[in-house]
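Okay, so here's the structure we're looking at.
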Amino acid sequence: MATHIDERKWLQALANIVEELEEVEYKKMQNILLNIPGGKRKSTGKTDMPQLIISTYGLEHSVKEVARIMKLIPRNDPTILNLLQPFMSKIKTAAAKESPPVSSTASDDTPHPAQGDGPGFSCLKRQKTVDRYNDEGDVYDINGTRDVFVLCQKVDRPGAKRDLQIVNDLMEQRYSFNLKIKEDLDGKEIVPEIRTFRDGLSKDVKCCFVVLMAHGTMKDGKALIVGVDKNLVPLSEIFSLFNNHNCPQLQGKPKVFIIQACRGSNRDSSVMQADDEAMETAYEEDSPFKFSLPIISDTLAVYPTLPGYKALRHPFNGSPLILNMEKVFKQFDDRYHVLDLFTKVNRILVHQDYI
């Protein structure tokens, strides 16, 4: 998408934005710029930060990222907004010109741009992408009802509110999923609530996501998530609710589990907080992300860490897994299969510096 943003003008505007920030606001900005290695973003002063942001994110995405950060800090006053507005307008104008009109004569099986239908598990928008995957025979028909269950434990998990906002925006606003959100459940409540969600799935359901954001741990080789009352729930018990025997309405249909929770106690130092029960800080630098394909069919489980290690969560910005899902899905969901999207998320997390 050609936005015709003048780099010199944007660099000057960004320099003015950075200069307007109070010291505590600038530190917040440094903490949120996760695509910049931690050592570099912490040591870079206001004078050099604008060029570093542009070189890291690129012209268009640096504008979007700065706009997002200003909302988070928050700095939505006229001084900041007036500096951002000309560049955001260029991006919106370019996007509007690029979006093709929807034909009123389109057949029922033509993906509608607003519905987000497409190849594999992903929710994609462009017919050319669907055609490419159709040739390979790996397209799920997700034209129809799509449901997602979201558990967000906020107690003792700073940053969880931001994660919940991202998941809500992606699944409901962008991909037209029906959301069922539960917050701060005791251990004994988790499985019954998920079972109720499963039992409420219609025969017409085409796709199902389950997003669990909680403290977690490992015991006797089993992955567990933690209720707000500290009672433990095996993930295997949750997975089994959706297997082909227990959930026939999802047979042959995509099921995606996203688990933002620790899977052990191994740790390293970091400014991040960890999603383990003890709230220690941790970062396992070699393998911060892992896919697991359970034996039950048509299922993808996504974890932020390998077994034995903790999952990161920034107390202000949310978890790197959820944050980078938002960035990657919004940038590439019109061209890649969902597994490719998560592979891109993996690459970002592997190379990020959380110091």
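Keep in mind that what you see is a predicted model, and the values were worked out from it rather than measured.
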If only atom types and distance count, is the side chain of [X] paired as donor or acceptor with the main-chain N or O of [Y] below 3.5 Å?
{"X": "D186", "Y": "E189", "result": "no"}
{"X": "K90", "Y": "I5", "result": "no"}
{"X": "R157", "Y": "Q153", "result": "yes"}
{"X": "D147", "Y": "C208", "result": "no"}
{"X": "R174", "Y": "K330", "result": "yes"}
{"X": "Y57", "Y": "K64", "result": "no"}
{"X": "H215", "Y": "D156", "result": "yes"}
{"X": "R41", "Y": "Q30", "result": "yes"}
{"X": "R146", "Y": "S176", "result": "no"}
{"X": "N324", "Y": "V345", "result": "no"}

Using a 4.5 Å cut-off on heavy atoms from C-beta on, say whether the side chain of [Y] contacts that of [X].
{"X": "I225", "Y": "L232", "value": "no"}
{"X": "D298", "Y": "K255", "value": "yes"}
{"X": "I69", "Y": "K28", "value": "no"}
{"X": "V302", "Y": "I259", "value": "no"}
{"X": "K253", "Y": "Q251", "value": "no"}
{"X": "E172", "Y": "F177", "value": "no"}
{"X": "K182", "Y": "F149", "value": "yes"}
{"X": "V148", "Y": "N178", "value": "no"}

- With salt bridge (charged side-chain N to carboxylate O under 4.0 Å, His left out) as the test, would you mind laying out the steps for E237 and K222 before giving the verdict? CA-CA 11 Å; E237 189 173 344; K222 295 182 179 181; over 6 Å; no
- Item | Neighbour count above 12 (heavy atom, 6.0 Å) for K9 NZ | no
ILVMFWY network linking [X] to [Y], side-chain heavy atoms under 4.5 angstrom:
{"X": "L81", "Y": "I17", "answer": "no"}
{"X": "M88", "Y": "W10", "answer": "yes"}
{"X": "V233", "Y": "V228", "answer": "no"}

Reported [atom1]-to-[atom2] distance for the pair [X] and [Y], which is rounded to 0.5 angstrom:
{"X": "L185", "Y": "I190", "atom1": "CG", "atom2": "CD1", "result": "6.0 Å"}
{"X": "C152", "Y": "D184", "atom1": "SG", "atom2": "CG", "result": "7.5 Å"}
{"X": "I53", "Y": "D48", "atom1": "CD1", "atom2": "CG", "result": "11.0 Å"}
{"X": "I166", "Y": "M171", "atom1": "CD1", "atom2": "CE", "result": "13.5 Å"}
{"X": "D229", "Y": "K188", "atom1": "CG", "atom2": "NZ", "result": "7.5 Å"}
{"X": "L224", "Y": "T217", "atom1": "CG", "atom2": "OG1", "result": "6.5 Å"}

- Message: Before you tell me yes or no, could you show the steps for M213 and L151 under side-chain contact (heavy atoms from CB on, under 4.5 Å), namely the whole-Å CA-CA distance, both residues' side-chain angles and the distance that decides it to 0.1 Å?
- Response: CA-CA 6 Å; M213 299 179 285; L151 169 64; over 6 Å; no
Considering all heavy atoms of both residues, which atom of [X] and which atom of [Y] are nearest to each other, and what is their separation?
{"X": "V205", "Y": "Q249", "answer": "CG1-O, 3.9 Å"}
{"X": "N76", "Y": "M70", "answer": "OD1-O, 3.8 Å"}
{"X": "N246", "Y": "S240", "answer": "ND2-O, 2.7 Å"}
{"X": "K46", "Y": "L21", "answer": "NZ-O, 2.6 Å"}
{"X": "V18", "Y": "P50", "answer": "CG2-CG, 4.2 Å"}
{"X": "P86", "Y": "L83", "answer": "CD-O, 3.7 Å"}

- Message: Do Q85 and S89 pair up side chain to side chain, a donor and an acceptor below 3.5 Å, judged on atom types alone?
- Response: yes
- Task: State whether a side-chain donor-acceptor pair under 3.5 Å links E20 with N16.
- Result: no
- Message: As a quick check of understanding, evaluate side-chain contact (heavy atoms from CB on, under 4.5 Å) for L33 and M49, giving each step before the final call.
- Response: CA-CA 11 Å; L33 291 165; M49 182 59 79; 4.0 Å; yes
- Item | From CA spacing to verdict: side-chain contact (heavy atoms from CB on, under 4.5 Å), L72, M29 | CA-CA 9 Å; L72 289 173; M29 183 183 200; over 6 Å; no
Check [Y] with [X], please: is the shortest side-chain N to carboxylate O separation under 4.0 Å?
{"X": "E23", "Y": "K27", "result": "no"}
{"X": "E326", "Y": "R162", "result": "yes"}
{"X": "K327", "Y": "E65", "result": "yes"}
{"X": "D163", "Y": "K161", "result": "no"}

- Query: Between K344 and F332, is NZ or CZ placed under 6.0 angstrom from the six-membered ring centre and within 45° of the ring axis?
  - Reply: yes
- Message: The test is side-chain contact (heavy atoms from CB on, under 4.5 Å); show your working for L241 and C247 and say whether it passes.
- Response: CA-CA 7 Å; L241 293 174; C247 190; over 6 Å; no
- Message: In this structure, is the centre-to-centre distance between the rings of F209 and F257 below 6.0 Å?
- Response: no
